Amino acid sequence: MIPPYLPLPPSDRVLSPRTGWTRAHWEALADHLLEAVTPYASPGQAQIRLPGRASWSGVALDGLEGFARTFLAAAFRIAGARGDAPHLIERYARGLAAGTDPSSGESWPVLTDCSQQMVEAASIAIGLHETRPWLWDKLDDGVRQRVAEWLGGFVGKHTWDNNWMLFQTVTEEFLKSVGGPYEQREIDRGLERIEDWYVGDGWYTDGGSRNFDYYCGWALHLYPVLWSRMSGDTERAVLYARRLREFLGTYRHFFGSDGAPIHHGRSLTYRFAAVAPVWLGALADATPLSPGQTRKLASSVVRHFVERGAPSPDGLLSLGWYEPFLPATQPYSGPASPYWASKAFLGLLLPPEHPVWTEREQPLPIDEHDVTAAIPGTGLLLHGTRHDGIVRLLNHGSDHGAPPDDPHYAKLAYSTRTGPEAAEHAWPGDLDNHLALLAADGVPSRRTAIRPLSCGDATASSSHETETGAVITTTSTVYGPWEIRVHEIANGGADTVREGGYALADASPPALVTGDRWALARRADGLTSAVIGLHGWERASLSREVESNAFGPHSAIPCLHSGTPGLHVSLIVLSGNEVHPGALREAITVDVSDEAVVVSFPDGTSRTVPRGGPRG
């Protein structure tokens with residue numbers, strides 16, 4: 001239900017039978033977000049200093065971030081209205097003048113190597129390009145010169161070797177288009193670098209390690225395509241469009257039927273920025289989605305957050321997921337960081353008469369049938385179920401460079417309805433969606449660098465080495481809402497073994513039940529997380545945490561335990577339907593030989609997992 005404090009138009013169930021949202025809803029939400037930040041603007045509008053925890057960059061840069069990221073939403077709103085937004089044009093024109101005037105008392109810090117200013121400069125450059133006829137071209141000559149000089153601080157500077165390289169590319173391309181300072185080799189450098197990161201299937205890694213998350217869409221696809229709009233480079237535009245189309249072929253499965261994105265990766269506080277590549281596909285004519293599917297997907301994601309408290313009653317986007325939740329942020333996250341969500345309004349660049357706004361909403365695959373999608377280059381396997389609209393991501397390849405202390409990458413699985421246990425007081429417990437070897441003092445092993453082994457059809461496999469030298473090979477095979485995990489542990493010593501399922505959170509404690517080698521947590525709405533030991537497990541338990549999960553203050557994790565390392569087979573369930581663990585354990589059979597594990601399901605279907613894990 002849309003909160004009453006949001007000034008949105010009535011739902012249109014004729015044009016948009018699934019979400020009720022139209023272009024007017026998007027415009028109204030953009031206006032509401034932009035109006036809500038005005039009390040926090042400095043007199044000259046160059047700084048927007050929002051309440052909340054400061055980032056590690058300091059107050060001045062947090063204020064610049066507030067300007068730049070809201071300017072991105074304002075720019076899409078201005079361009080979408082063909083300049084009929086004089087209050088926004090005047091507000092941000094004043095901010096540009098004051099932010100680049102050293103005597104204003106609000107001036108922005110100059111760009112230095114690997115500085116946060118680089119991130120914000122790129123947003124300003126994109127916004128200026130998209131609003132050029134109504135804003136840049138109308139600025140005083142002196143202001144234009146100062147803005148170009150400030151953005152030109154990019155020239156000769158070094159960036160981090162990841163998506164940041166594209167900030168330099170788009171900013172200097174804008175400067176090139178307006179006669180400002182630039183270096184062609186620096187523009188080309190970022191475009192050449194992403195070629196090293198392309199892994200196929202439409203996916204890039206963010207930098208040299210296995211960083212697969214939403215940055216692929218809202219950065220590594222977004223900036224090259226927007227760069228091509230600036231540069232007019234048709235050859236590269238065709239390449240980027242082809243990759244974007246392929247990317248969206250699997251990316252559309254990252255969202256539940258209710259619009260919830262899979263809760264995985266970093267910078268999750270950007271929330272509905274996750275739909276930026278969806279709109280980008282329509283903008284670049286590079287999408288497998290129909291116009292009605294594009295709007296349905298984008299609108300359902302934004303509506304999902306709006307219905308759950310983002311923005312809050314004061315109109316602001318907090319540091320968190322639905323409500324404030326700092327463990328879902330990073331040290332670089334400041335009070336204005338969530339406004340990278342502005343990228344979601346990219347669709348406003350498509351004119352009102354475009355089919356994405358005029359055609360009737362159409363269902364997505366998850367709305368009509370179960371889905372399974374493998375992304376071999378990343379080691380990610382998705383499976384979604386129509387009956388409850390949940391999508392689950394099985395992670396056999398994304399480790400963010402293998403920091404063992406990041407719950408948003410280290411887990412075996414993530415979903416659209418659950419989040420990992422992420423607070424410091426619950427970490428490094430490594431309970432949920434993790435197989436741990438427990439030392440004599442109870443300290444769990446960590447999932448470090450992931451070695452992908454295979455990913456295809458309905459099965460994915462990977463291995464990792466623990467701190468003590470044990471090698472754990474895990475194969476996941478899916479069947480409807482079920483995931484069968486086959487774990488083989490080599491060199492495990494005398495450690496005991498523990499595995500957790502999905503952490504289930506809600507506003508009140510869920511029902512907790514344990515049985516013979518199974519455990520489940522169930523919410524009042526029927527959402528159930530269960531683990532069922534099929535082979536090698538001896539007992540089950542339930543663990544509980546408080547204020548550790550982005551989805552609610554109380555959470556529970558069903559767990560399995562064994563005192564013998566070796567082969568373990570478990571059934572992991574996250575479902576909106578009633579689950580009967582005891583019956584499932586009897587109905588699913590597991591045959592183990594020296595060569596393979598054969599899992600047979602009640603309908604006669606079987607899956608064979610080679611011992612040692614399949615090889616790609």
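FYI, the numbering just counts along the sequence from 1. Here the structure is a predicted model, which means the values were calculated and not measured. Computed over heavy atoms, backbone and side chain alike; hydrogens, waters and symmetry mates excluded.
Relative ring orientation between Phe601 and Tyr479 is described as parallel, the plane-to-plane angle staying below 30° on a 0-90° scale split at 30° and 60°. Taking the six-membered ring where the residue is Trp, Phe305 and Tyr322 present tilted rings, their angle falling between 30° and 60°. Ring geometry for His263 versus Phe551: interplanar angle over 60°, hence perpendicular rather than tilted (30 to 60°).
Using modelled atom types, one side-chain atom of Ser461 and one backbone atom of Thr474 make a donor-acceptor pair closer than 3.5 Å. At least one donor-acceptor pair closer than 3.5 Å links the side chain of Arg271 to the backbone N or O of Gly320. The backbone N or O of Val391 lies less than 3.5 Å from a partner atom in the side chain of Thr416, making a donor-acceptor pair. Checking side-chain atoms of Asp201 against main-chain N and O of Trp203 turns up no donor-acceptor pair under 3.5 Å. In this structure, the side chain of Thr205 does not engage the main chain of Trp197 through any donor-acceptor pair within 3.5 Å. Side-chain atoms of Glu421 never come within 3.5 Å of backbone atoms of Asn549 as a donor-acceptor pair (strictly under, hydrogens ignored). Looking at Asp62, its side chain does come within 3.5 Å of a backbone N or O of Ser55 through a donor-acceptor pair. Formation of a donor-acceptor pair under 3.5 Å by the His253 side chain with backbone atoms of Ile366 is not found in this model. The backbone N or O of Glu467 sits nowhere less than 3.5 Å from a side-chain atom of Arg446 that would complete a donor-acceptor pair. Judged by distance alone, the side chain of Asp196 and the main-chain N or O of Gly208 form no donor-acceptor pair under 3.5 Å.
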Given salt bridge (charged side-chain N to carboxylate O under 4.0 Å, His left out), test Arg585 with Asp516 step by step and report yes or no.
-> CA-CA 9 Å; Arg585 194 168 67 80; Asp516 179 18; 2.8 Å; yes

Applying side chain to side chain donor-acceptor pair (under 3.5 Å), run through Arg392 and Thr385 and close with a yes or a no.
-> CA-CA 9 Å; Arg392 308 150 192 87; Thr385 39; 2.9 Å; yes

Evaluate ring pair (Phe, Tyr, Trp, His ring centres under 6.0 Å) for Tyr204 paired with His221, printing each intermediate quantity in order.
-> CA-CA 8 Å; Tyr204 299 90; His221 277 291; 5.2 Å; yes

Would you please test Arg53 and Ser333 for side-chain contact (heavy atoms from CB on, under 4.5 Å) and show each step?
-> CA-CA 8 Å; Arg53 184 199 69 185; Ser333 304; 3.6 Å; yes

Could you please spell out the steps behind the ring pair (Phe, Tyr, Trp, His ring centres under 6.0 Å) verdict for Phe212 and His400?
-> CA-CA 7 Å; Phe212 300 113; His400 194 212; over 10 Å; no

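Within a 6.0 Å sphere centred on CZ of Arg386, heavy atoms belonging to other residues, nucleotides or ligands number 12 at most.
For Asp457, the side-chain hydrogen bond (donor to acceptor under 3.5 Å, both in side chains) criterion is met by no residue, not counting sequence neighbours. Scored by the salt bridge (Lys or Arg N to Asp or Glu O under 4.0 Å) test, Asp367 finds Lys296 as partners (sequence neighbours excluded).
Between the side chains of Thr473 and Ser463, no donor-acceptor pair of N or O atoms lies under 3.5 Å. With no hydrogens or angles considered, no side-chain donor-acceptor pair links Tyr214 and Ser267 at under 3.5 Å. Side-chain N/O atoms of Arg498 and Ser543 include no donor and acceptor closer than 3.5 Å. There is no side-chain donor-acceptor pair under 3.5 Å between Arg303 and Thr19. Donor-acceptor pairing under 3.5 Å is lacking for the side chains of His561 and Thr496. Between Asn163 and Asp206, the side chains place a donor N or O and an acceptor N or O closer than 3.5 Å (distance only, hydrogens not considered). Ser575 and Asn577 share no donor-acceptor pair across their side chains, judged by distance under 3.5 Å alone. In the model, Thr372 has no side-chain atom that pairs as donor or acceptor with a side-chain atom of His383 under 3.5 Å. Using modelled atom types and a 3.5 Å distance limit, the side chains of Glu578 and Thr528 yield no donor-acceptor pair. Remark: the Arg447 side chain and the Tyr409 side chain contain no N/O donor-acceptor pair separated by less than 3.5 Å.
Using a 4.5 Å cut-off on side-chain heavy atoms (C-beta onward), Asn433 and Tyr414 make no contact. In this structure, Val546 and His554 have side chains that are in contact, with non-hydrogen atoms separated by less than 4.5 Å. Contact annotation: the side chain of Ile450 never approaches that of Arg210 to less than 4.5 Å [non-hydrogen atoms, C-beta and beyond]. Side-chain atoms of Phe254 and Leu297, non-hydrogen and from C-beta on, never get closer than 4.5 Å to each other.
Here OG of Ser462 is found 10.0 Å from CZ of Arg451. Values are rounded to the nearest 0.5 Å. The CH2 atom of Trp56 lies 8.5 Å from the OH atom of Tyr332; values are rounded to the nearest 0.5 Å. In this structure, CG on Leu222 lies 5.5 Å from NZ on Lys343, to the nearest 0.5 angstrom.
The six-membered or imidazole ring of Phe255 lies away from that of His304, with a centre-to-centre distance of 6.0 Å or more.
When every heavy atom of Leu248 is checked against every heavy atom of Gly281, the shortest pair comes out as CD1-CA, 3.8 Å.
Between Arg243 and Glu195 there is a salt bridge, with a side-chain nitrogen of the basic residue lying less than 4.0 Å from a carboxylate oxygen of the acidic one. Taking 4.0 Å as the cut-off between side-chain N and carboxylate O, Arg485 and Glu499 count as a salt-bridged pair.
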